[in-house]
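Keep in mind it's a predicted model, so treat the numbers as computed, not measured. Within every chain, numbering begins at 1; the chains are lettered A, B, ... in the order of the sequence lines, protein sequences first and strands thereafter.
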Amino acid sequence: MARKHWLMKSEPDTYSFQDLVHDGRTHWEGVRNYQARNLMRSMAVGDLVLFYHSQMKPPGVVGIAEVVKEAYDDFTAQDPKSPYFDAKATPDNPRWSMVDLAPVRPLESMVSLADLKDNPKLESMAVVRKGQRLSVQPVTAEEYQEVLVMAACGGEQDAE
DNA sequence: GCCAACGTTGGC
DNA sequence: GCCAACGTTGGC
(Lines give C-alpha, C1' and ligand atoms only; values in the text may rest on other atoms or scores of the structure.)
Protein backbone atom coordinates (compact mmCIF):
# COMPACT_ATOMS: atom_id res chain seq x y z
CA MET A 1 0.00 0.00 0.00
CA ALA A 2 1.36 3.36 -1.02
CA ARG A 3 2.22 5.91 1.59
CA LYS A 4 0.07 8.98 1.64
CA HIS A 5 1.39 12.48 2.15
CA TRP A 6 0.21 15.31 4.34
CA LEU A 7 1.06 18.76 5.55
CA MET A 8 0.56 19.61 9.21
CA LYS A 9 0.85 23.07 10.70
CA SER A 10 2.16 23.95 14.09
CA GLU A 11 3.01 27.19 15.81
CA PRO A 12 6.64 26.72 16.87
CA ASP A 13 5.93 28.60 20.11
CA THR A 14 3.51 25.80 20.97
CA TYR A 15 5.28 22.82 19.41
CA SER A 16 8.17 23.10 16.94
CA PHE A 17 9.89 20.55 14.74
CA GLN A 18 12.88 20.82 17.08
CA ASP A 19 10.56 19.82 19.93
CA LEU A 20 9.53 16.75 17.94
CA VAL A 21 13.18 15.84 17.29
CA HIS A 22 13.91 16.28 20.98
CA ASP A 23 10.91 14.20 22.08
CA GLY A 24 11.41 11.49 19.45
CA ARG A 25 7.67 11.02 19.25
CA THR A 26 4.52 12.92 20.16
CA HIS A 27 0.75 12.74 20.07
CA TRP A 28 -0.80 15.38 17.91
CA GLU A 29 -3.43 16.53 20.35
CA GLY A 30 -5.58 19.62 20.17
CA VAL A 31 -7.00 19.47 16.66
CA ARG A 32 -10.53 20.86 17.07
CA ASN A 33 -11.69 21.04 13.49
CA TYR A 34 -13.80 18.30 11.94
CA GLN A 35 -12.21 18.39 8.52
CA ALA A 36 -8.73 18.13 10.01
CA ARG A 37 -9.89 15.39 12.35
CA ASN A 38 -11.35 13.39 9.50
CA LEU A 39 -8.12 13.69 7.54
CA MET A 40 -6.16 12.40 10.54
CA ARG A 41 -8.55 9.46 10.75
CA SER A 42 -7.60 8.53 7.19
CA MET A 43 -3.88 8.46 7.98
CA ALA A 44 -1.94 5.20 8.18
CA VAL A 45 1.30 4.25 9.89
CA GLY A 46 4.16 5.17 7.56
CA ASP A 47 2.44 8.16 5.96
CA LEU A 48 4.80 11.10 5.49
CA VAL A 49 4.13 14.59 6.80
CA LEU A 50 5.52 17.95 5.77
CA PHE A 51 5.96 19.77 9.08
CA TYR A 52 4.96 23.41 8.65
CA HIS A 53 5.72 26.26 11.02
CA SER A 54 2.98 28.90 11.02
CA GLN A 55 3.13 32.35 12.64
CA MET A 56 6.82 32.56 11.75
CA LYS A 57 8.79 35.10 9.77
CA PRO A 58 8.69 33.56 7.30
CA PRO A 59 6.26 30.65 7.68
CA GLY A 60 7.12 27.44 5.83
CA VAL A 61 7.96 23.74 5.75
CA VAL A 62 10.91 22.91 7.98
CA GLY A 63 11.00 19.13 8.31
CA ILE A 64 9.57 15.72 7.57
CA ALA A 65 7.70 13.59 10.06
CA GLU A 66 6.10 10.17 9.90
CA VAL A 67 2.84 8.80 11.25
CA VAL A 68 3.71 6.12 13.83
CA LYS A 69 0.25 5.47 15.26
CA GLU A 70 -3.05 5.84 13.53
CA ALA A 71 -5.95 7.89 14.85
CA TYR A 72 -7.26 7.26 18.35
CA ASP A 73 -9.22 9.27 20.91
CA ASP A 74 -7.75 12.63 21.82
CA PHE A 75 -8.05 12.30 25.58
CA THR A 76 -7.04 15.93 26.19
CA ALA A 77 -10.58 16.88 25.11
CA GLN A 78 -11.91 15.23 28.28
CA ASP A 79 -9.31 16.74 30.61
CA PRO A 80 -10.68 19.91 32.24
CA LYS A 81 -7.13 21.01 32.97
CA SER A 82 -6.09 20.80 29.33
CA PRO A 83 -6.12 23.93 27.17
CA TYR A 84 -7.82 21.70 24.59
CA PHE A 85 -10.67 20.69 26.90
CA ASP A 86 -14.03 20.34 25.15
CA ALA A 87 -17.07 19.95 27.42
CA LYS A 88 -18.91 18.15 24.63
CA ALA A 89 -16.37 15.33 24.49
CA THR A 90 -17.29 12.33 26.65
CA PRO A 91 -16.15 8.70 26.94
CA ASP A 92 -19.20 7.70 24.89
CA ASN A 93 -18.53 10.41 22.35
CA PRO A 94 -14.84 11.35 22.47
CA ARG A 95 -15.44 13.60 19.47
CA TRP A 96 -11.79 14.31 18.65
CA SER A 97 -8.92 12.19 17.40
CA MET A 98 -5.17 12.40 17.22
CA VAL A 99 -2.28 10.49 15.65
CA ASP A 100 1.28 9.93 16.86
CA LEU A 101 4.17 11.43 14.91
CA ALA A 102 7.91 10.82 14.90
CA PRO A 103 10.56 12.96 13.19
CA VAL A 104 12.17 11.69 9.96
CA ARG A 105 14.61 14.51 9.25
CA PRO A 106 14.77 18.29 9.05
CA LEU A 107 14.86 19.80 5.56
CA GLU A 108 18.30 20.89 4.28
CA SER A 109 16.79 24.34 4.06
CA MET A 110 13.37 25.65 4.91
CA VAL A 111 10.86 25.98 2.08
CA SER A 112 8.95 29.14 2.89
CA LEU A 113 5.34 29.84 2.04
CA ALA A 114 6.59 32.46 -0.43
CA ASP A 115 8.74 29.80 -2.14
CA LEU A 116 5.74 27.47 -2.36
CA LYS A 117 3.61 30.24 -3.86
CA ASP A 118 6.31 31.03 -6.42
CA ASN A 119 6.35 27.48 -7.76
CA PRO A 120 3.74 26.94 -10.49
CA LYS A 121 3.86 23.19 -9.90
CA LEU A 122 2.40 23.78 -6.45
CA GLU A 123 -0.42 26.14 -7.36
CA SER A 124 -3.09 23.64 -6.34
CA MET A 125 -1.57 22.92 -2.94
CA ALA A 126 -4.01 23.88 -0.21
CA VAL A 127 -1.43 25.73 1.86
CA VAL A 128 -0.74 28.30 -0.87
CA ARG A 129 -4.40 29.09 -1.43
CA LYS A 130 -5.63 32.26 0.17
CA GLY A 131 -7.56 31.77 3.34
CA GLN A 132 -6.81 28.07 3.64
CA ARG A 133 -6.39 27.72 7.38
CA LEU A 134 -6.81 23.98 7.76
CA SER A 135 -4.10 22.67 10.07
CA VAL A 136 -4.01 19.21 8.44
CA GLN A 137 -3.96 19.04 4.65
CA PRO A 138 -3.59 16.28 2.08
CA VAL A 139 -0.62 16.62 -0.29
CA THR A 140 -0.09 14.67 -3.51
CA ALA A 141 3.03 12.53 -4.01
CA GLU A 142 4.14 14.93 -6.77
CA GLU A 143 3.75 17.99 -4.56
CA TYR A 144 5.57 16.25 -1.73
CA GLN A 145 8.49 15.35 -4.01
CA GLU A 146 8.62 18.88 -5.37
CA VAL A 147 8.91 20.34 -1.87
CA LEU A 148 11.82 17.96 -1.16
CA VAL A 149 13.53 19.07 -4.38
CA MET A 150 13.10 22.71 -3.40
CA ALA A 151 14.56 22.03 0.04
CA ALA A 152 17.59 20.33 -1.53
CA CYS A 153 18.06 23.29 -3.89
CA GLY A 154 18.15 25.78 -1.04
CA GLY A 155 14.50 26.64 -1.01
CA GLU A 156 14.85 28.85 -4.08
CA GLN A 157 14.07 27.59 -7.53
CA ASP A 158 13.14 29.18 -10.82
CA ALA A 159 10.59 27.66 -13.11
CA GLU A 160 12.07 26.67 -16.47
C1' DG B 1 -1.98 44.89 15.26
C1' DC B 2 -4.98 44.46 11.33
C1' DC B 3 -8.10 42.08 8.78
C1' DA B 4 -9.81 38.47 5.41
C1' DA B 5 -11.38 33.89 5.37
C1' DC B 6 -13.88 30.54 7.24
C1' DG B 7 -15.90 27.41 10.90
C1' DT B 8 -19.17 27.18 14.66
C1' DT B 9 -23.01 28.60 17.40
C1' DG B 10 -27.52 29.66 18.48
C1' DG B 11 -31.94 32.21 17.76
C1' DC B 12 -35.78 31.82 15.14
C1' DG C 1 -32.66 24.45 8.29
C1' DC C 2 -31.35 29.28 7.57
C1' DC C 3 -28.30 32.79 8.52
C1' DA C 4 -26.27 36.54 11.37
C1' DA C 5 -23.07 37.02 14.96
C1' DC C 6 -19.04 35.68 16.79
C1' DG C 7 -14.45 33.47 17.45
C1' DT C 8 -10.20 31.76 15.51
C1' DT C 9 -6.48 31.27 12.24
C1' DG C 10 -2.66 33.01 10.26
C1' DG C 11 -0.41 35.95 6.64
C1' DC C 12 1.14 40.39 6.25
>> Ring-plane angle category for A:Phe75 and A:His27, please: parallel below 30°, perpendicular beyond 60°, tilted otherwise.
In response: perpendicular
>> Does anything in residues 58-76 of chain A form a salt bridge (Lys or Arg N to Asp or Glu O under 4.0 Å)? List the pairs, not counting sequence neighbours.
In response: A:Arg3-A:Glu66, A:Arg32-A:Asp74
>> Considering every strand and a 4.0 Å limit on heavy-atom distances, what is the contact class for A:Lys130: base, sugar-phosphate, or nothing?
In response: sugar-phosphate
> Has A:Gln132 got more than 12 heavy atoms of other residues, nucleotides or ligands less than 6.0 Å from its CD?
Replying inline: yes
> So, the side chain of A:Asp19 versus the backbone of A:Ser16: is there a donor-acceptor pair under 3.5 Å, distance only?
Replying inline: yes
> Has the side chain of A:Asp118 got a donor or acceptor atom that lies under 3.5 Å from a matching backbone atom of A:Asp115?
Replying inline: no
>> For A:Tyr34 and A:Trp96, I'd like to know if the aromatic rings sit close, meaning centre-to-centre distance below 6.0 Å.
In response: yes
Under 3.5 Å between N/O atoms: give me all the protein pairs with nucleotides 7-9 of chain C, atom names plus distance.
from	atom 1	to	atom 2	distance (Å)
C:dT8	O2	A:Arg133	NH1	2.4

> Looking at DNA chain C, which of residues 93-100 of chain A put a heavy atom within less than 4.0 Å of it?
Replying inline: none
>> Starting the side chain at C-beta, find the nucleotide from B:dA4, C:dG10, C:dC12 nearest to A:Leu113.
In response: C:dC12
>> Set out, in order, the CA-CA distance, both residues' side-chain angles and the distance that settles side-chain hydrogen bond (donor to acceptor under 3.5 Å, both in side chains) for A:Glu146 and A:Asn119, then state yes or no.
In response: CA-CA 9 Å; A:Glu146 182 65 14; A:Asn119 189 332; 2.8 Å; yes
>> When you measure from the side-chain N and O atoms of A:Lys117 to the phosphate of C:dC12, is any distance below 4.0 Å, counting only OP1 and OP2?
In response: yes
> In whole angstrom, what separates A:Arg129's CZ from C:dG10's C1'?
Replying inline: 16 Å
